[in-house]
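One structure is given below, encoded as C-alpha cells.
Throughout, a chain's letter reflects where its sequence line sits, starting with A, and its residues are numbered from 1.
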Amino acid sequence: MPELPEVETVVRDLRPLLVGRELRAIRRSKQALRVKWQKGWEKAIAGKRVAGIQRRGKWIRVDLDDGSLLIVHLGMTGQLTVVAASEVVPSHTHLVFELDQPQELRFRDVRRFGSMTFYPRAEEWEVVLSGKLGPEPWDMPQEQWHQALKGTKRNLKAALLDQRLIAGVGNIYADESCFVAGLDPRRSGSSLRPKERDRLLDAILMVLTRAIECRGSTIRDYIGGSGLQGGYQGEFVAYGRTGEPCVKCGSPIQCIRLAGRSTHFCARCQK
DNA sequence: AAGTCTCCCTGAGTGC
DNA sequence: TGCACTCAGGGAGACT
C-alpha cells in the first residue's frame with residue numbers, strides 16, 4: 001500500500017531511469033483505471049521527453065519537455081517501473097510506454113484503485129492539487145499544524161489520514177506515528193496539548209524518514225521503480241502486530257476500526 | 001460545514 | 001476440492 005515513503009522510493013528509483021528519455025508508442029489494456037484514459041492523450045504524449053519526476057504527497061508528477069504532465073497515483077496496488085522491453089509483461093499491466101531504448105515504462109495495478117492522467121498544462125494540475133493536498137510533512141509550518149489539530153474534533157487517526165491536513169500519511173504510517181508519539185489514535189485532535197501536537201509531528205517526521213531509508217514497506221504488492229521491495233515492514237511497532245507484545249511494555253497490540261480503517265495501537269503506552 | 005459512510009476492485013485467506 | 005464469504009484501503013462523492 002504505497003504511502004509517502006513508498007512513492008518517494010518509486011520516484012527516486014525512476015529518476016535516473018526516466019529523465020531525458022523519450023516516450024514513444026503507448027500500449028493500453030482494455031480495463032479502465034479509476035480515471036478513464038482519454039483519446040488524444042496518446043498523441044499528445046508520444047515523442048515527448050521526460051524533463052523531470054517528483055513526488056507530492058502520494059502523487060507522482062512526471063514533467064514532459066513541452067510543459068505537459070503525466071500524473072500518477074498508485075492507489076493500493078499500483079506499480080510504476082522501468083524494465084527491459086524483453087521482460088514478460090505481468091498480468092494487470094494497464095499502460096506501457098515504449099522508451100527510446102529497448103526499455104519500457106510500465107504501470108501495473110491489480111486492484112485498479114490507481115490512476116494515470118495527462119495534463120496539457122502544469123497549472124491545471126496545480127489548481128486541482130491545491131484543493132486537496134496540505135503541506136509536505138517536512139514543510140509543515142508549526143502554526144498551521146497546531147491550528148489544524150486544535151480545530152478538528154475528529155480523532156487523530158482520521159486527521160492524519162486527511163490529505164488536506166498533511167500530505168502523504170496513510171494507514172500504516174498513521175499507526176506507527178501515533179505509537180512513536182505515545183498518543184491514543186482515538187483522541188480528538190482538539191484534545192491534544194501543545195507539547196503533544198509537537199510530539200506527533202516529530203514522530204511523523206521520524207517514522208517517514210526512517211521508512212524512506214528502508215525503501216518503504218512491502219506488505220503484498222508494493223515494489224519500487226526498479227522492482228525492488230521495501231524493508232520497513234520489519235520495523236513495524238504497531239501496524240499489523242495485532243495480539244503481539246508491545247515493544248515497550250509487552251501488553252498485546254490492539255486492533256480496532258477508526259475512520260473506516262484497521263488501527264493498531266498499545267492501549268497501555270498510548271494515552 | 002464538518003464529519004461520516006459507501007463504493008470501487010481483486011486476490012489471499014478462512015470456514016464449512 | 002469447491003464454494004461463499006471476508007478483508008485489505010485511497011480517494012471521490014453522497015449523505016447526515
Side-chain angles (χ1 to χ4, degrees), chain A residues 1-11 29-37 55-61 71-80 90-95 107-117 125 127-134 136-137 147-178 185-192 204 208 211 216-223 229-230 232-233 236 238-243 253-265:
Chain A
M1 15 229 87
E3 303 178 27
L4 189 153
E6 290 75 29
V7 179
E8 179 65 24
T9 301
V10 169
V11 166
S29 75
K30 291 219 163 52
Q31 291 187 296
L33 295 166
R34 222 153 60 73
V35 176
K36 255 198 172 168
W37 187 264
R55 178 195 60 75
R56 177 78 173 91
K58 301 174 196 170
W59 298 88
I60 298 171
R61 163 182 172 153
I71 298 295
V72 183
H73 199 291
L74 299 177
M76 284 289 300
T77 53
Q79 301 173 345
L80 192 64
S91 55
H92 307 291
T93 300
H94 301 295
L95 281 158
F107 183 68
R108 173 172 190 257
D109 188 357
V110 172
R111 272 179 248 181
R112 288 189 276 138
F113 274 28
S115 63
M116 188 180 277
T117 321
W125 167 244
V127 170
V128 172
L129 200 64
S130 66
K132 55 182 171 189
L133 210 52
E136 290 290 310
Q147 289 301 329
L149 286 177
K150 253 198 264 184
T152 186
K153 290 192 168 67
R154 286 180 298 173
N155 56 55
L156 291 182
K157 182 62 179 271
L160 291 179
L161 293 179
D162 184 349
Q163 300 299 296
R164 290 167 304 184
L165 203 153
I166 186 167
V169 179
N171 202 39
I172 293 172
Y173 298 106
D175 283 3
E176 294 297 302
S177 299
C178 284
R186 296 169 293 189
R187 295 242 330 248
S188 84
S190 58
S191 77
L192 262 62
I204 292 167
L208 292 178
S217 311
T218 293
I219 307 293
R220 279 200 192 99
D221 302 277
Y222 165 74
I223 54 171
Q229 299 196 336
Y232 192 69
Q233 64 278 4
F236 287 164
Y239 182 82
R241 297 193 66 243
T242 310
I253 295 292
Q254 320 246 324
C255 183
I256 59 171
R257 267 189 110 69
L258 274 183
R261 301 286 175 255
S262 63
T263 300
H264 313 75
F265 69 107

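- Spacing between atom CG of L165(A) and atom P of dA1(B) amounts to 19 Å, rounded to whole angstrom units.
- One can place CG of L258(A) at 10 Å from P of dT4(B), the figure rounded to the nearest angstrom.
- Residues that satisfy the ring-ring contact (aromatic ring centres under 6.0 Å, His included) test with W37(A), not counting sequence neighbours, are W41(A).
- Contact between the side-chain N/O atoms of T152(A) and the OP1/OP2 oxygens of dG3(B) is found at a separation under 4.0 Å.
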Polar atom pairs between nucleotides 10-14 of chain B and protein, under 3.5 Å, N or O only, would you list them?
from, atom 1, to, atom 2, distance (Å)
dT10(B), OP1, R112(A), NH2, 2.4
dG11(B), OP1, H92(A), NE2, 2.8

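- Nucleic acid contact class of R164(A) (heavy atoms, under 4.0 Å, all strands): none.
- Considering every non-hydrogen atom in both Y232(A) and S217(A), the closest pair reads CB-OG, 3.4 Å.
- A salt bridge does not link E6(A) with K58(A): none of the charged nitrogens is closer than 4.0 Å to a carboxylate oxygen.
- T77(A) pairs by the side-chain hydrogen bond (donor to acceptor under 3.5 Å, both in side chains) definition with D109(A), not counting sequence neighbours.
- Counted by atom type alone, K157(A) and T263(A) present one or more donor-acceptor pairs between their side chains at under 3.5 Å.
- Side-chain proximity of K153(A) to dG3(B), dA8(C), dG11(C): nearest is dG3(B).
- Rounded to 10°, the helix from dA2(B)-dT16(C) to dC16(B)-dG2(C) has 50° between the axis fitted to its first five pairs and the one fitted to its last five.
- Within a 6.0 Å radius of CD in Q147(A), more than 12 heavy atoms belonging to other residues, nucleotides or ligands are found.
- Residues W125(A) and T117(A) form no side-chain contact, since every pair of their non-hydrogen atoms from C-beta on lies 4.5 Å or further apart.
- Between the NE2 atom of H94(A) and the P atom of dC9(B) there is a distance of 12 Å, given to the nearest Å.
- Atom CG of D162(A) is separated from atom P of dT4(B) by 11 Å (rounded to the nearest Å).
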Which donor-acceptor pairs under 3.5 Å do the side chains of residues 254-261 of chain A make with protein atoms, sequence neighbours left out?
from, atom 1, to, atom 2, distance (Å)
R257(A), NH2, G260(A), O, 2.7

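- When the P atom of dA8(C) is taken as reference, atom CD of E3(A) falls 15 Å away, rounded to whole Å.
- Atom C1' of nucleotide dG10(C) and atom NZ of K157(A) are separated by 13 Å, given to the nearest angstrom.
- As rounded to whole Å, 19 Å separates atom C1' of dG3(B) from atom CZ of R186(A).
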Q: List the steps, then state whether side-chain contact (heavy atoms from CB on, under 4.5 Å) holds for L4(A) with R55(A).
A: CA-CA 8 Å; L4(A) 189 153; R55(A) 178 195 60 75; 3.4 Å; yes
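- Counting non-hydrogen atoms of other residues, nucleotides and ligands closer than 6.0 Å to NZ of K153(A) gives a total of 12 or fewer.
- If you take CD1 of I60(A) and C1' of dG11(C), they are 16 Å apart, rounded to a whole angstrom.
- Here the closest non-hydrogen pair linking P2(A) and G75(A) is CD-O, 3.3 Å.
- Below 30°, between 30° and 60°, or above 60°: for Y239(A) and H264(A) the angle between ring planes is above 60°, a perpendicular geometry.
- Residue G151(A) is the one, among G260(A) and G151(A), whose nearest nucleotide of DNA chain B lies closer to the 5' end (criterion: closest heavy atom).
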Might you list the N or O atoms of the protein lying below 3.5 Å from N or O atoms in nucleotides 12-16 of chain C, with each pair's distance?
from, atom 1, to, atom 2, distance (Å)
dA12(C), OP1, K132(A), NZ, 2.9

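- Taking only side-chain nitrogens and oxygens, H73(A) never comes nearer than 4.0 Å to OP1 or OP2 of dG10(C).
- The shortest distance between the side-chain N/O atoms of R261(A) and the OP1/OP2 oxygens of dC5(B) is not below 4.0 Å.
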